[in-house]
Number of protein chains: 2
Amino acid sequence: MTTKVGRPLRADAERTVRAILEAAERVLAQDPAASMERIAEEAGVNRTTIHRRFASREALLEAMTLAALGQVREAIEAGRPETAPPEVALHQITANVLAVKLGWRFALTRPAPEGSPAARAQEEIVHRCDTLLAKVQRAGLIRPDVDVTWARQVYYALLYQALESAEPADLDARAALVVRTLLHGIG
Amino acid sequence: MTTKVGRPLRADAERTVRAILEAAERVLAQDPAASMERIAEEAGVNRTTIHRRFASREALLEAMTLAALGQVREAIEAGRPETAPPEVALHQITANVLAVKLGWRFALTRPAPEGSPAARAQEEIVHRCDTLLAKVQRAGLIRPDVDVTWARQVYYALLYQALESAEPADLDARAALVVRTLLHGIG
DNA sequence: GCTAACCGCAACAGTCTTGTTGCGAATAAT
DNA sequence: ATTATTCGCAACAAGACTGTTGCGGTTAGC
């Protein structure tokens, strides 16, 4: 359960919820143990307002993660993994996902609680990723003997690392670096 | 400042300190927000005993990180980065560091506070790592155009990933996988 | 064996956090 | 224009956690 109320929210309330989610991301990215008070302050909102929309701290985190994963999902779909040529899709998706991850560093790093909707969303994305990588492998860009799971883990690790490192500044350049390193290493 | 007392500890106190550090690693690896009470319980010790040895929770974390970084340092030196042939050293150090990281997952993942001794130790290790990779590069195993910083980041990322993934079980096999992926990618 | 160090235990103080409730003013939606 | 929603504010309850102190029995080290 994400929000407390089921009925559709008024426009201003909707805006407030988004502001809270985004503030939470900003604050928690800096300090994962930050209090609700601190998040409320960053959102320009009273602490009680957060509790009005989210049943608990946990619920807020869940909502953040779900929102972020939704955007990752869109980022993947925008790369047309099914139809585009594998190498094009790989590059495009890498760039798109990097962009999303830049804005949702905390939410996307946090391990989702077992069995939660967020965990399911994560699994679905993992599955899509595996499908894409398998396709790339069939296209001959990945050696046939490489385990897809290991391929995905390395891909994830490189995506994460490309976020931490400051350069290159350009998103496409970063994506290219990730893909090149993934496929050919540095040797 | 790590411990509260400057004078040499009695043998049993020394043992207790080690037990606390190791218990903290086990507990915090599972739940980074675990309380001192929980850590004390795991160490088979009263909570006040922890406070007798460590001025604060922060001090305990610092001590853990320092201890772990010391072991990493030993793991690197045991690989003879200066004298052994680059590829041998790279493999050996990878295996050694993986072994240490397995036991100090939390302490080595936690970002060290700015300016702390732990931060300095981390920087020194980064420097040693860069030196090693530069040597590997001069030996022709890494392309000359690859940035050493990026090389190190990818290396770190692969080390981390090799910890998360369950297989292969054998440490040397894991190290080989890391080195191979680092140098040649998966394509 | 003497002595200082060690550690469990009980109790306490203080702070911080989460989560709740009720009221009243502002505002979106019809 | 009316009405229900929204949100700031103040206050409260409950609990968790950190850090401290004093006492007393036990144990390591000389």
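Here is how names work: the chains are called A, B, and so on, in the same order as the sequence lines, proteins then strands, and each is numbered from 1.
- In this entry the distance linking CD of B/E37 with P of D/dA16 reads 12 Å, nearest Å.
- Going from atom CD of A/E58 over to atom P of C/dT17 covers 17 Å, rounded to whole Å.
- Shown here are the side-chain hydrogen bond (donor to acceptor under 3.5 Å, both in side chains) partners of B/R47, two or more places apart in sequence or in another chain: there are none.
- Remark: B/Y160 OH is loosely packed, at most 12 non-hydrogen atoms of other residues, nucleotides or ligands lying under 6.0 Å away.
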With a 3.5 Å cut-off and sequence neighbours excluded, list the donor-acceptor pairs that the side chains of residues 174-187 of chain A form with protein atoms.
unit_1: A/R174; atom_1: NE; unit_2: A/P168; atom_2: O; d: 2.6
unit_1: A/R174; atom_1: NH1; unit_2: A/A162; atom_2: O; d: 2.6
unit_1: A/R174; atom_1: NH1; unit_2: A/S165; atom_2: O; d: 3.3
unit_1: A/R174; atom_1: NH2; unit_2: A/A166; atom_2: O; d: 2.8
unit_1: A/T181; atom_1: OG1; unit_2: A/L177; atom_2: O; d: 2.7
unit_1: A/T181; atom_1: OG1; unit_2: B/W150; atom_2: NE1; d: 3.1

Which pairs would a plain distance check flag for residues 83-93 of chain B, meaning a side-chain donor or acceptor within less than 3.5 Å of a matching protein atom at least two apart in sequence or in another chain?
unit_1: B/H91; atom_1: NE2; unit_2: B/D172; atom_2: OD1; d: 2.9
unit_1: B/Q92; atom_1: NE2; unit_2: B/N96; atom_2: OD1; d: 3.4

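- At a non-hydrogen distance threshold of 4.0 Å, A/S35, A/M36 from residues 23-36 of chain A come into contact with DNA chain C.
- B/R26 meets the side-chain hydrogen bond (donor to acceptor under 3.5 Å, both in side chains) test with B/E42; sequence neighbours excluded.
- With sequence neighbours excluded, no residue satisfies side-chain hydrogen bond (donor to acceptor under 3.5 Å, both in side chains) with B/E114.
- Residues satisfying the salt bridge (Lys or Arg N to Asp or Glu O under 4.0 Å) test with A/R110, not counting sequence neighbours, are A/E58, A/E62.
- Computed from coordinates, the B/R15 CZ to D/dA28 C1' distance equals 9 Å when rounded to whole Å.
- Applying the side-chain hydrogen bond (donor to acceptor under 3.5 Å, both in side chains) rule to B/Q137 yields no partners; only residues at least two apart in sequence or on another chain are considered.
- We find that CD1 of A/I50 is positioned 14 Å from P of D/dC9, with the value rounded to whole Å.
- In this entry the distance linking CZ of B/F54 with P of D/dT18 reads 14 Å, nearest Å.
- Atoms CD1 (A/I39) and C1' (C/dG19) sit 14 Å apart, rounded to a whole Å.
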- Task: Any chance you could list the contact pattern along nucleotides 1-14 of chain C? Use B for base contacts, S for sugar-phosphate-only contacts and - for none, protein heavy atoms under 4.0 Å, 5' to 3'.
- Result: ---BBSBBBB----

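- At whole-Å resolution of the value, CZ in B/R57 and P in C/dC16 are 16 Å apart.
- Shortest non-hydrogen contact noted between A/S116 and A/P113 is OG-O, 2.6 Å.
- Stem analysis of DNA chain D (Watson-Crick or G-U pairs, both distances under 3.5 Å, runs of at least three) returns C:1-30 with D:1-30.
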Donor-acceptor pairs under 3.5 angstrom involving side-chain atoms of residues 12-23 of chain B: please list them, not counting sequence neighbours.
unit_1: B/D12; atom_1: OD1; unit_2: B/R10; atom_2: NE; d: 3.3
unit_1: B/D12; atom_1: OD2; unit_2: B/R10; atom_2: NH2; d: 2.9
unit_1: B/T16; atom_1: OG1; unit_2: B/D12; atom_2: O; d: 3.0

Expected list for residues 66-75 of chain A: side-chain donor-acceptor pairs under 3.5 angstrom, two or more places apart:
unit_1: A/R73; atom_1: NH1; unit_2: A/E124; atom_2: OE1; d: 2.6

